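Keep in mind the model is a prediction, meaning the values are calculated, not measured. Protein chains get the first letters and strands the later ones, always in sequence-line order, with residue 1 at the start of each.
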Number of protein chains: 2
Amino acid sequence: MSKSSPRPKPSQSSKESAPKVSKATTSRLVLYLRELQQLERSGYSTVRSISLGKQLGINDSQVRRDLGALGLAGRPGVGYSVSELTQSIRVILGTDRKWGVILIGVGHLGQALAGYRGFAEQGFHLLASFDTAKEKIGTKVMGITVLSLEKLESTLLKIQVQLAIVAVPSAEAQEVVNRLSRAGVEGILNFAPVNVKLQQGNLSVVNVDLALELQRLAFEVVKKDDE
Amino acid sequence: MSKSSPRPKPSQSSKESAPKVSKATTSRLVLYLRELQQLERSGYSTVRSISLGKQLGINDSQVRRDLGALGLAGRPGVGYSVSELTQSIRVILGTDRKWGVILIGVGHLGQALAGYRGFAEQGFHLLASFDTAKEKIGTKVMGITVLSLEKLESTLLKIQVQLAIVAVPSAEAQEVVNRLSRAGVEGILNFAPVNVKLQQGNLSVVNVDLALELQRLAFEVVKKDDE
DNA sequence: ATATGTGAAAAGTTTCACAGCC
DNA sequence: GGCTGTGAAACTTTTCACATAT
């Protein structure tokens with residue numbers, strides 16, 4: 001119940017910090033943060049589990065369990081401190097620090113991602129971009145010079161990068177992921193609509209398949225239609 | 001066990017077709033389809049639950065349960081017909097038909113989405129695009145003339161549209177969604193990083209928040225780091 | 001008075017293990 | 001032999017309901 005920095009609860013592992021957050025809670029964590037940042041901007045200083053939940057379509061008990069699992073406490077009769085929650089979740093997610101990001105594939109989607117304001121707002125900084133198309137190499141896209149993909153490994157030796165955004169054609173995605181993996185990149189946000197295989201274990205991948213999301217939407221509509 | 005078109009199982013509802021597929025199964029449905037389409041292109045005619053599952057990181061029993069819940073049967077000792085499965089899942093998802101789609105917001109992201117090949121490949125056809133910026137109105141983006149957002153309602157009376165892609169700034173998203181809802185659009189793929197509220201019930205929304213995905217990735221990396 | 005934190009129950013999901021079919 | 005279909009067990013997640021804190 002201490003008010004200071006959030007601690008991972010009593011803890012039972014030998015190593016430091018192992019909060020062991022469930023998958024279900026993890027999937028909601030970023031949603032809480034987005035809502036809390038919105039509340040903070042709107043000037044709220046506290047929030048109750050029931051209103052935070054209502055905003056996200058989550059049961060109030062669920063919200064309290066999730067926050068409890070993260071070691072975040074509220075005050076009975078009052079609610080949770082918005083700023084405390086926001087800061088703590090950012091620490092847990094790792095978005096309190098700055099992340100170096102590179103972009104592979106500067107097609108239409110890649111260019112849009114290079115200019116996406118939301119990334120920088122959350123601490124993600126685009127440090128370099130790569131493509132194989134000769135006519136793009138050397139040009140500036142969103143203020144960043146496009147490098148030849150051949151320079152990938154040598155560039156990664158020079159700059160501090162943890163994450164890569166992959167926006168290349170499906171056929172090239174696996175090879176690009178392999179090279180990023182070997183070069184020591186720790187996380188990949190993959191926009192290529194394929195299931196990339198991971199050789200070793202020290203690499204995380206999050207997939208975003210835009211056509212898949214539109215298919216999910218179509219299915220929702222179809223389900224509603226034959227209610 | 002019939003070989004013909006897949007049927008929603010015995011069925012207990014009064015109305016036609018109500019397969020009642022679980023949320024968990026639903027979330028995997030599009031992944032099965034993507035993998036099956038890949039297998040089809042590679043020339044496979046049958047697939048076993050264990051290999052389909054391995055490709056997607058899913059237990060083989062899970063795969064059989066999912067397909068069973070959809071009314072899709074395999075052949076013991078052989079496996080599932082790739083083409084039958086592909087076609088049946090497309091029918092279930094509703095992506096066997098053509099969908100009319102409009103785009104609201106022709107910024108960098110909107111332009112990239114307008115030109116995204118994967119949409120048309122799955123039956124989604126962009127019929128019109130809208131923006132409020134005077135300098136964009138009347139220009140062609142990916143072969144489609146950008147219309148004034150004021151023309152939204154009048155245009156929707158003329159063309160057959162079920163889905164809308166919303167790629168406008170956060171501050172404008174709610175108002176755009178309200179207008180789309182009133183105009184009778186059935187589904188919205190929302191790229192604005194806000195939780196839009198739905199007034200009535202006959203509208204589905206799927207959210208894609210790109211910064212959120214990058215935060216999820218950062219969290220995965222952080223979790224691995226303190227293993 | 002109001003909202004948290006949490007045991008306990010309920011609901012949902014995954015995995016095991018094996019009978020039955022090809 | 002090999003693979004599906006599925007009861008039953010194991011596990012996870014959600015919800016209820018209320019004691020406890022401010």
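To the nearest angstrom, C1' of C/dG12 lies 15 Å from NZ of A/Lys23. Remark: P of D/dG5 and CG of B/Leu67 are 8 Å apart, rounded to the nearest angstrom. Between the CD1 atom of A/Ile58 and the C1' atom of D/dT14 there is a distance of 11 Å, rounded to whole Å. Whole-Å rounding puts the B/Asp60 CG to D/dG5 C1' distance at 12 Å. Between the CG atom of A/Leu52 and the P atom of C/dA3 there is a distance of 14 Å, rounded to whole Å. Regarding B/Lys20, its NZ atom lies at a distance of 14 Å from the C1' atom of C/dT13, rounded to whole Å. Spacing between atom CD1 of A/Ile50 and atom P of D/dT15 amounts to 13 Å, rounded to whole angstrom units. Put simply, CG on A/Leu72 is 19 Å from P on C/dA3, counting in whole angstrom units.
No side-chain donor from either of A/Glu186 and A/Asn202 sits under 3.5 Å from a side-chain acceptor of the other. Looking only at atom types and distance, the side chain of B/Gln37 has no donor-acceptor partner in the side chain of B/Glu121 under 3.5 Å away. One side chain, B/Thr25 or B/Ser22, offers a donor N or O that lies under 3.5 Å from an acceptor on the other.
Residues A/Arg28 and A/Gln62 have side chains in contact (heavy-atom distance under 4.5 Å, counting atoms from C-beta outward). Counting heavy atoms from C-beta on, the side chains of A/Lys223 and B/Thr26 come closer than 4.5 Å.
At a threshold of 4.0 angstrom between heavy atoms, the contacts of B/Arg64 include nucleobase atoms, whether or not backbone atoms are also involved. Here B/Thr25 lies out of heavy-atom contact (under 4.0 Å) with every strand.
The phosphate of C/dC22 (OP1 or OP2) has no side-chain N or O of B/Tyr80 nearer than 4.0 angstrom. Contact annotation: A/Ser49 side-chain N/O to C/dT4 OP1/OP2 distance is under 4.0 Å. Note on B/Ser22: a side-chain N or O is less than 4.0 Å away from OP1 or OP2 of C/dT13. Contact between the side-chain N/O atoms of B/Ser61 and the OP1/OP2 oxygens of C/dT14 is not found at any separation under 4.0 Å. OP1 or OP2 of C/dA3 lies within a sub-4.0 Å distance of a side-chain N or O belonging to A/Arg48.
Considering only side-chain atoms of B/Gln62, the nucleotide from C/dT14, C/dA17, C/dG5 that sits closest is C/dT14. Nearest to the side chain of A/Asn59, among C/dG5, D/dT15, C/dC22, sits D/dT15. In this structure, of D/dG2, D/dT13, D/dG7, it is D/dG7 that holds the atom nearest to the side chain of B/Arg65. Relative to the side chain of A/Pro76, the nucleotides C/dG20, D/dT22, C/dT13 differ in distance, and D/dT22 lies closest.
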